[in-house]
Structures are given as C-alpha cells and as structure tokens.
Amino acid sequence: MNIQRKYSLPNCTLLLEGLSDLSRAAHFQEMRPELSILVNAECYLSGYNQPLTGGREFFESLVRAVSGYAQEFLSSVPNPQAHNHESELVEFRKIDSNRHRLIIHSEGAPEGFDHSNNSKHPPIEIDLNTVQLFDLVEAVDQFFADTQTLPELSLELQPVTRRYGGASQAVIRQAVPAAVGVSSLAVAAIAFNLIPPPQMRPPQPKPNEQTSSTTNNITTPASAAATPTATSTANTKPAVKDLEALLNTVPEITDPSQLRALNRQVYNQVHPAWTNRSGLQQDLIYRLGVAADGAIVGYKAVNKEANVGVGQTPLPNVLYNPARRPSISNEPIAQFRVVFTTKGVLEVSPWRGYARTPEVVGTKITDSNIVKGLNQKLYSTVRQTWSGTPTFTRDLKYRVAVNKDGVIADYEPLNQVAFDYFRETPLPKMFNAVYGSNVAAPNNKEPLAHFQVIFKPSGTMEVTPWQGYQ
C-alpha cells in the first residue's frame, strides 16, 4: 500500500512516500496506516523551482543537519552535526545573520539550483533566509510529532553550556516566531540549557488509539496529501483515493443537526483564512472530510480547476495538524462541499445535503413568558447599538440565541448577504465582548432562547421567536 505524508509550512513542504511493513502492521486495516518503509523524500523550498529529493539516507541526514544547525544558530556554539560533510549528505553553513546555506552532496542536481563545479558530482547549494530556515525546522518538527511515520527514527539533541549562548536578542526575536513546535522549541531551549533534552517522539498509541489521517491520507488530485510540483504547491499529482477508503473504515456523520453545527465550524475556519479572493477564472470545488470536533482532516478536488488551483485557497493551511493539537481517534467523519467562487464568495454545504430539516443543538428555553421578555430585551439591546446607514440592499437574517439573562450566547447568519455584511450589525461586537472572538464556540452549556433577527436596508429591524430552519 502506497502511503504519503505531507508536512507543510508557507516556505517549506516535506513530502514522504513509502510503504507499511506488513510484518509489523498488526492493524493494517486502521484508518491511518504506519509509514515504516521510506521510498522517497522530497523537500520543497519557496523560491526554488525543483524539490530536493532522495531516499532514507538523504532524509535522515537532512533531519540531523537541520536540527543541529538550528541549535547552533540559536546558541552561537558550533555543532559538528550541522557541518559533517565527510559522513553526511546534508550540511549547513552560516552566511550571515539572515542567510544560511544548505548544501546537499548528491550525484545529481535538479535544474534550477546553483552548484559548485569543483567536484565530479557537484553539491547542490541553496541559500535560505531565517524564516525559510525555521519553516524547514517546523516541517521537521511536524514529522517527529507524527507517530505513524518512521516511528523508529528519533532525534538526539545535546545541550550546550548556557555561558556559550551568544545569539543576539534581535536574532532570537526574528527566528523564534517561526520555531514554535515540539522539536524546534526543544532546539531553542536546549541551546540555552533551559530544559533537559526531551524524548522527541511521544509514546506509541495503543492499537485502539491510533490517530486519524490528516494532511496525509485523504488524497487524490489536489488533496491534503497532494504532491507539489516544481513551480508551486498548488499543483498535484494523482495518489491513492484515500477519502473513500477512509469513509469505508469509519462511520459517516449524517445527523442533520450535527452537520449544521459542523457546517458553521468549517465556514468559520475557511472564510477568514481566504484572504486573496481575486484571480479565479472558474469556481474551485472541493470535498472536505471533517472530524466530529470540527477539525478538517482532508480535502479532495472535485473539478479540474480545483486540482490545479488549490494554492489559491487556504485549505492547505487550515488542515488539522497533528503537531499542534491532540490526536484524534477513529471517529466519524462528515463530508462537506466547499466552493471558492469567482465572485469571491465562499459556499459551504453538506456533501449529501440534509436528510431532513436540522434543529438547533442544545437545551432550549421554552417558557412563553420568559421568551417574550427576552425577545423584548434582545430587540432593545441590538436596536440601541445598531447605528449608521446600511449599505446592503437585502434583508440580513440571523439566528440569535441568548441565555436567561439576555446575554448573547450564539449567532448564525441564515442567508449569504448576512455573511457578507455581518460587520454592519452589532452582533459580532456583542459576541466578541463576551467571548473575546467572533468565531468562538457557541455557549450551549445552559438553556438558551433562540430568535430570528432581521436587519432591513431601511434601517429597521425585526426580532421574533425562532421557528426553526426554513
């Protein structure tokens, strides 16, 4: 079984391809098989047209050199592991405080890379800036946090004496924001002898606690494990159709009410991350796999344009990252249809639609007298804080929930124009004042009263008790 693993940062992507060792894979049927035999490793760096490629020896050398050089850079103490050109395929050399030379000793050099002519097999030489360097460090960190990929490969870091730590505060401020993961933070801390060297790979999960596939297994064309081409991570090559395989091994979430709640979570993750909405020649359509907690675990292009244009979407950046959040188990998966339209409008809907009209999840306040009082209180609160001349030309419709004290607990746009003009309403400010975020999870731990609130282009508004989704 061919397996791909992808660890992606804005300036660096590591792509590993390999197989499972059937003699070790006692639970081969699991949702996310172990990649234990590395066949090919590819490293894509921003600004360069061709990836660095090699096998197991190349990848292990790259990991050692990256980790050793990061420790050296942060501590200003030489680390031989970063410069061992006699026994390593990969080494680093510091050019200045913001330039770092990555050298690969190999027999072939892909076109597009500069190299020396002083040897029979000239090495590849690539100059990275500090941000690129630590994106590479973070990609390596994501690999080490993934217990289902080369689990026997570990990273040994040795501390250096604190009194030798000579990196300037300016350099640290520049480098550390890019180095926020497990191994990268360990490199920084060990460099200054702040903590003992940690074990970089967490304990193997038990057979019934295997993690689910994320940026790696829901593949085929333009998927979470899509292979970047020489010019951009936006282009992909076909791989194994793992989205269908995934759904064959785990239950699918079909409950309309749960799908409605997850639909909102998907929109809230993708909508703010889609910053550049111009330049699309055709709609880009994707099929997303979403875990029960809202984590986007994979995507697959539905049309040809989406396969080519994934780099114009935020999908690679909003995928669940096993290095930055707890692992998810073999839980049910929901499917959604996500469309990035040429008009700059994001559309999210359940892949199979709703089997029946969804309902609001959670306990509800149903006493008519209490609901009537909360209706009047909500109208007064919103009316007093709504000012300015509307620029929209159609009614903005929302579902708004409040607790027994009349404090806003949740709000949800009900039509597209309500999504587009929500900032012209006081709802996000009211919600942010309570929860500190406009996209925080709704408060469903106490009974709530639900209402439909309509903002009209004339400047008037209506608040009525919630009758359900239309």
Is there a donor in the side chain of Gln335 and an acceptor in the side chain of Glu252, or the other way round, less than 3.5 Å apart?
yes
Can you tell me if Thr357 uses its side chain to pair, donor with acceptor, with the backbone of Tyr469 under 3.5 Å?
no
So Leu288 and Val266, side chain to side chain contact (heavy atoms under 4.5 Å, CB included) or not? Walk me through it.
CA-CA 9 Å; Leu288 263 63; Val266 171; 4.0 Å; yes
Check whether Gln132 reaches the backbone of Ser46 with its side chain - one donor and one acceptor, N or O, closer than 3.5 Å.
yes
Using side-chain heavy atoms (C-beta onward) and a distance below 4.5 Å, is Glu91 in contact with His105?
yes
Indicate the atoms forming the closest heavy-atom contact of Val137 with Ala70, along with that distance.
CG2-CB, 3.9 Å
Using modelled atom types only, decide if a donor and an acceptor are shared between the side chain of Trp274 and the backbone of Asn276 within a distance under 3.5 Å.
yes
Please name all residues satisfying salt bridge (Lys or Arg N to Asp or Glu O under 4.0 Å) with Arg423, sequence neighbours left out, ordered by chain then number.
none
Measuring from atom CG of Leu38 to atom CG of Leu153, what distance do you get when rounded to the nearest 0.5 angstrom?
9.5 Å
Report the C-alpha distance between Arg260 and Asp255 in whole Å, list the side-chain angles of each, state the deciding distance to 0.1 Å, and finish with yes or no for salt bridge (Lys or Arg N to Asp or Glu O under 4.0 Å).
CA-CA 9 Å; Arg260 180 79 186 195; Asp255 178 74; over 6 Å; no
Residues forming a salt bridge (Lys or Arg N to Asp or Glu O under 4.0 Å) with Arg399, sequence neighbours excluded
Asp410, Glu412
Decide side chain to side chain contact (heavy atoms under 4.5 Å, CB included) for Gln142 and Leu9; before the verdict, give the C-alpha distance in whole Å, the side-chain angles of both, and the deciding distance to 0.1 Å.
CA-CA 10 Å; Gln142 290 185 17; Leu9 277 298; 3.2 Å; yes
Within the side chain of Asn303, is there an N or O that forms a donor-acceptor pair under 3.5 Å with the backbone of Ile285?
yes
Can you tell if the side chain of Val270 reaches within under 4.5 Å of the side chain of Pro314, non-hydrogen atoms only?
yes
Would you name the heavy atoms of Ala334 and Leu259 that are closest together and state the gap between them?
CB-CD2, 3.7 Å
Could you work out, with side chain to side chain contact (heavy atoms under 4.5 Å, CB included) as the rule, every residue matching Val39, not counting sequence neighbours?
Leu19
Under the rule for side chain to side chain contact (heavy atoms under 4.5 Å, CB included), what residues qualify as partners of Tyr398, not counting sequence neighbours?
Leu396, Val400, Tyr411, Pro413, Ala418, Phe422, Thr425, Leu427, Phe455
Any heavy-atom pair between the side chains of Thr13 and Pro51 that's under 4.5 Å?
no
Check side chain to side chain contact (heavy atoms under 4.5 Å, CB included) between Asp96 and all other residues, then give those that pass, not counting sequence neighbours.
Asn98, Arg99
Can you see which heavy atom on Leu35 is nearest to which on Glu17, and at what distance?
CD1-C, 4.2 Å
Do the side chain of Asp135 and the main chain of Asn11 share a donor and acceptor less than 3.5 angstrom apart?
yes
Working for side chain to side chain contact (heavy atoms under 4.5 Å, CB included), residues Leu346 and Phe419
CA-CA 10 Å; Leu346 176 67; Phe419 278 106; over 6 Å; no
When every non-hydrogen atom of Glu34 is compared with those of Ile3, the smallest separation belongs to O-CD1, 3.6 Å
At what distance, to the nearest 0.5 angstrom, does CG of Leu262 lie from CZ of Arg264?
11.0 Å
For the aromatic rings, using the six-membered ring if either is Trp, is the centroid distance between Phe73 and Phe92 under 6.0 Å?
no
If I take atom OH from residue Tyr44 and atom OG from residue Ser8, how far apart are they, to the nearest 0.5 angstrom?
11.5 Å
Could you tell me whether the side chain of Thr130 and the main chain of Ser97 form a donor-acceptor pair under 3.5 Å?
yes
Tyr69 vs Leu102, side chain to side chain contact (heavy atoms under 4.5 Å, CB included): CA-CA, chis, key distance, verdict
CA-CA 10 Å; Tyr69 183 74; Leu102 170 61; over 6 Å; no
To the nearest 0.5 Å, what is the distance between NZ on Lys300 and CG on Asn307?
10.5 Å
Taking all non-hydrogen atoms of both residues into account, name the closest pair between Ala292 and Gln258 and its distance.
CB-NE2, 4.1 Å
Side-chain heavy atoms of Glu152 within contact of Leu150, under 4.5 Å:
yes
Sequence neighbours excluded, the answer for side chain to side chain contact (heavy atoms under 4.5 Å, CB included) partners of Asn317 is none
A side-chain contact here means heavy atoms from C-beta on lying under 4.5 Å apart; do Asp141 and Tyr7 qualify?
no
For Phe58, is there any backbone N or O sitting under 3.5 Å from a side-chain donor or acceptor partner on Ser61?
no
Is there side-chain contact between Leu14 and Cys43, with heavy atoms separated by less than 4.5 Å?
yes
Counting heavy atoms not belonging to Glu359, are there more than 12 under 6.0 Å from its CD?
no
Side-chain donor-acceptor pair under 3.5 Å between Glu347 and Thr341, yes or no?
no
Grab the two heavy atoms, one from Phe143 and one from Thr149, that are nearest each other, plus how far apart they are.
CE1-O, 3.6 Å
Which distance, rounded to the nearest 0.5 Å, do you find between the CG of Asp127 and the CZ of Arg93?
11.5 Å
Would you check if the side chain of Tyr286 reaches a backbone N or O of Ala306 as a donor-acceptor pair within less than 3.5 Å?
yes
Roughly how far apart are Glu88 CD and Leu62 CG, rounded to 0.5 Å?
10.0 Å
Please check: side-chain N/O of Gln312 versus main-chain N/O of Leu284, any donor-acceptor pairing under 3.5 Å?
no
